[in-house]
Structure formats: C-alpha cells, structure tokens
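Values below: every heavy atom of this structure, side chains too, minus hydrogens, waters and symmetry copies. What you are looking at is a predicted structure, and each value in this text was computed from that prediction instead of being measured. So you know, we letter chains A, B, ... as the sequences are listed, proteins then strands, and number each from 1.
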There are 2 protein chains.
Amino acid sequence: MDNDVDNSCIVKHFKSYATLDEKDQQLLLSLEEGPRAWPKNTILWHQNDQSDCFYTLSKGWACSFRELKDGTRQVLDIYVPGDIVGLREFSFQKRITSVIMLNDAELCAFPRHHLDHIFSSSLMLCNIMFMITSRDQAILLERLVNLGRRSAREKLAHFLVEISYRLQRTNARVEDHLSLPLSQSVLGDALGLSAVHVSRTFQEFRREGLLKTGNSHLELLDIRGLEAVAGFDAFYLEPPISDSRS
Amino acid sequence: MDNDVDNSCIVKHFKSYATLDEKDQQLLLSLEEGPRAWPKNTILWHQNDQSDCFYTLSKGWACSFRELKDGTRQVLDIYVPGDIVGLREFSFQKRITSVIMLNDAELCAFPRHHLDHIFSSSLMLCNIMFMITSRDQAILLERLVNLGRRSAREKLAHFLVEISYRLQRTNARVEDHLSLPLSQSVLGDALGLSAVHVSRTFQEFRREGLLKTGNSHLELLDIRGLEAVAGFDAFYLEPPISDSRS
DNA sequence: GACAAGAGATAACCTAGGTTATAGGGGCGT
DNA sequence: ACGCCCCTATAACCTAGGTTATCTCTTGTC
C-alpha cells in the first residue's frame, strides 16, 4: 500500500507538472523515503546544517526563514501541503535557510544524491525539476515586488491570495473561503511588517468582511475582495509549459 | 577565432562552476550564437514576449524589472559581465520580467530548445545548470532579507557589496575600489527606496569616505567599510559544491 | 487545574523614509 | 552652440508604519 505510486508525495507533485510514464513513476517512487511525522514548531533543519536531502510536505504547513544578528527574522517562503521543501539548497553543501513546522506535519525525504539517477535516466523528470525551480523563482520575484513596492494592505492581501492559489493547485477543495494556520507574526516576518501593524491591518480587513482572525489561524472570507485590494495578477503562477520539449 | 572555446561566453561561465571536458565545451560552443551589440537603454525583452532563448552578457550591464500599474517599477536583478540573463524564465512560455541595458552591451544568445541536447548528453552540464539556478535563488533570498528587514543604509551598502563580489567572480581585477554604471533611481527601484532617499544616504556615505557619486555611475572607495555598514556575510555567494556528484 | 508562554487587540507616541519642489550640471542630438 | 532631458542635490514637510506598553484570551504543560 505504502509502495503504491498513487500515495507517493513526490510522484503526485511531479504529475501536477506533466504526465509521467510508468517507468518514471517507478523511478521516483523507488528513490523516495516513506513519510515521517514532524510535530508543530520542530525545526526541519537549521542554516549551516549539512544539506543532503530535500522533502515533500505530504501533510501540514512549514516555512523557511533566516535570522539576523539583531534578532529579527525574515520568513522567506511558506510551504503548503504538496510542496517540495529544500530544492533551493540543491547545490549548497550547507543549508542557507532554516525551516520550521507551522503545523503538525508529515514529510517524505528524498536523498539528494538520488538526483543523479533522475538526471541520467529520464529527460522528462529532469525537465520537470527545472520547471519546479523555475516556478519557485517566479514566486520569489513576485515576493520582491511585494516587499519593495506595495503598501501594508496590498502586501498582506497579495500574500494571502497567492497562498490561496497555491493551495488550489494540489488541494482541490478551495472555493471562496479557506483557513490558514498562520500567525500574525509569521506574516509580519514574511512581509517586512511588524506584528502590530499586521493586527491593525487585519482589523480593517475584518471590518470590510474580507477575513476572520483566529489563534495562529485565519480564515479568508472573500478572496475576490482580497485580490482587488492587492491588484493581484496570477500570471506568475500559471502552470509552466509542460511537455512541449519532451 | 570566434569559434574558439576560450572566447565563448557560456563556456567561460560554466567553467567557473566546474571543470569541463573537451566534449562538453564543444557541445556548449556549438549551441551558442555569436555576440551581438545592444546599445544602452535598449530593451532586451518585455514582459509577455515569447520566451525562446536566454543570453550570456559578454560586455556591459543590464537589469531586469517589472512595472506596476501605478507606474512604479521594481528592479529585480542587476546583471554584470559574464552573467546569464533569462534562465529564470526557462519554463514559462512568456517572459515574466523585462530586461533593459544599463550600458552599451554585448550578448550571446542561447536558444532554449538546445537545452535538450545538454540534458540528454551531459550529466555534468545538467548539474552545472542546476548550480547556476541554485545560486541565483540564493541571491534572490538574500535580496528578500535585504528588502524586508534592513534600513536604507544597510540595504544600499549590502547591495553594493554584493555586486562587487559578483564582479570579482568573472572579472578578476577588483581590489578595494571599483565603479558601477548605476543611477540612483535604478538603485532605489531595486531596493524599494525613493531616489531622493538614495541621494540622501549617498551624501552620508560620501562624508564617510565610502564612495563617490557621478552621473549614472558610482565609485566604491571602501568596500570593507561598506561591508561593515551592511553586516555583510558572503556565505550565500559561496561557490556551490562542484563535481562531487560527477 | 494552575501556570507559563504564546497570540492577539488596542492605544500613544515617534521616526525613517516618502513626497514635492527647486535648482544646477552633464551628455547628447541636431 | 543650443536646447532638452536626465541625473543629482537639497530643503521642507508629511505619513505609513515601527515601537513600547497593557490587557486579554488561548493553549499547551506538569
């Protein structure tokens, strides 16, 4: 059962980019380790740790961050179920970020040296790897725009809408309403805002009926409304070109 | 002469990551087009253009940016001689950024579909491709930290020091003093600052003997001093692991 | 079930950096 | 040689968002 192709985190993820033939699926499957539980707030790795594998997040949420000397923190990315964590650090011997669980989560490890098998035996998988990192970069670029040129209201709205789009990709059941396990300080640290100001801004959003706030947890009530606040354009999340080069 | 491996932009770039055997060098060489001149301020491509190749910047400087509806601009990256431009957009059919020349420049095109040859015939080249995108991502991550959590002084100092490191990589002759073709408004747009505030901050830096300002052009006089202002740590530029997996 | 620790709301106050305006200088096209 | 435009400097003024401080409400722990 556990060896079933349909249960594999990484096979599922790769399939969302292009169709895989049986051989590729088996190859991926054989190289991935089974899922393991990681409770909320545990550190998956620290900056400077040896970097020898990446993970697929089969359940739960996580985020990567960097701590500065002055004690502040910059959250670099948020990972939702189905995401690949750590591909970024691929060619560094040591991790260049830290990753923490936002949630009770479950991860499947994928030893990095197994990538050799992939590169040498499947052009398709190799291409998909590039698609994944490419989409990843596109998200980072948009985050730069967000941090550099938008107001607090826009930053928050944009970030939340982006996450809702990313959730839709692998977790089908999202319409116009969904809830995220994100505290206000995580959001502040992701967007270069203070937690206090996130709270202030959420008060406005609440009054406008855009969302509800809970405890380390918030509920988006009106995603279209948030898109309007952010001036959101999803072009940068568009599914990358698929098998045109296969 | 033009077909000489030692003159090829892309061969030079790839060699800075790992040693290439003769076959790999010839392969790269055969797939790259000769250099072509691009005068200052010309647009290499616009957002939404068809994306069918990337380039190596053999001479001159360029930057990628995105324009927002409100007329502001976010500069996403600055390219120095030797850099690869456009690898980011690899798996998007349309460009997701625009690129403009900061300088009279010279570029070699590399048609994207040629990557198939590379992936299928050389494990080494495939690995180097990943190293390049990986380092690229590391730079973006650090830029996020810069935009999210640092003061204007720190942002500017950090950015300038980073560029001086990147210059050293492919352009050997940089000691403690070098000059960059960057206007204050480009810097502002890259760092989420107003051009006015860049000017104010440069006035301080000038008084402190850190740099000299010119016309669309500035000269770093004391790189160590700037590193101190920024609290700079070059770990994220460290040469990625090389042929450990070859 | 008590307590400590984290998460959020809200208010008062403050400052880094944005905005607008003016003016001078250099490079470039004709 | 003229004129234009872009780049830069600098000053006066203003505001978005940071900081600090309290209080409350959860939640996880022993």
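The distance from atom CZ of Arg207(A) to atom P of dA9(C) is 12 Å, rounded to the nearest whole Å. Here dA7(C) presents its C1' atom at 14 Å from CG of Leu102(A), a figure rounded to the nearest Å. Between the CG atom of Asn103(B) and the P atom of dC7(D) there is a distance of 13 Å, rounded to whole Å. For the pair Lys212(A) NZ and dG8(C) P, the computed distance is 16 Å after rounding to whole Å. Atoms CG (Leu187(A)) and C1' (dG8(C)) sit 13 Å apart, rounded to a whole Å. When rounded to the nearest whole Å, the span between CG of Asp189(A) and P of dA7(C) equals 11 Å.
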Pick out the pairs of N or O atoms, protein on one side and nucleotides 26-30 of chain D on the other, that lie under 3.5 Å.
none

Table of protein N/O atoms under 3.5 Å from nucleotides 13-22 of chain C N/O atoms:
residue: dG17(C); atom: OP1; partner: Ala152(B); partner atom: N; Å: 2.8
residue: dG18(C); atom: OP1; partner: Gly192(B); partner atom: O; Å: 3.2
residue: dG18(C); atom: OP1; partner: Ser194(B); partner atom: N; Å: 3.4
residue: dG18(C); atom: OP2; partner: Ser194(B); partner atom: N; Å: 3.2
residue: dG18(C); atom: OP2; partner: Ser194(B); partner atom: OG; Å: 3.0
residue: dG18(C); atom: N7; partner: Arg200(B); partner atom: NH2; Å: 2.7
residue: dG18(C); atom: O6; partner: Arg200(B); partner atom: NH1; Å: 3.2
residue: dG18(C); atom: O6; partner: Arg200(B); partner atom: NH2; Å: 3.3
residue: dT19(C); atom: O4; partner: Arg200(B); partner atom: NH1; Å: 3.3

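Under the salt bridge (Lys or Arg N to Asp or Glu O under 4.0 Å) criterion, the residue pairs touching residues 178-197 of chain A are Arg73(A)-Asp189(A), Asp189(A)-Arg149(B), with sequence neighbours excluded.
Between Tyr55(B) and Trp38(B), the ring-plane angle classifies as perpendicular under the 30° and 60° cut-offs.
Between the side chain of Arg66(B) and the backbone N or O of Ile96(B), at least one donor-acceptor pair lies under 3.5 Å. Remark: the backbone N or O of Phe235(A) is paired with a side-chain donor or acceptor of Asp233(A) at under 3.5 angstrom. Side chain of Trp45(B) to main chain of Thr97(B): a donor-acceptor pair is present (N/O by atom type, distance under 3.5 Å, no hydrogens or angles). Panel note: side chain His13(A), backbone Gly82(A); a donor-acceptor pair is recorded below 3.5 Å.
For dC6(D), neither phosphate oxygen OP1 nor OP2 lies less than 4.0 angstrom from any side-chain nitrogen or oxygen of Gln184(B). The phosphate of dA9(C) has OP1 or OP2 within less than 4.0 Å of a side-chain N or O from Thr213(A).
If you check every strand for non-hydrogen atoms under 4.0 Å, Ser216(A) touches sugar and phosphate atoms only.
The minimum heavy-atom distance linking Arg166(A) with Val80(A) is given by the pair O-CG2, 4.2 Å.
Put simply, CG on Asp136(B) and OG1 on Thr133(A) are 10.0 Å apart, with the number rounded to the nearest 0.5 Å.
Looking at Asp83(A), Val186(A), Ile163(A) one by one, the single match for side-chain contact (heavy atoms from CB on, under 4.5 Å) with Trp61(A) turns out to be Ile163(A).
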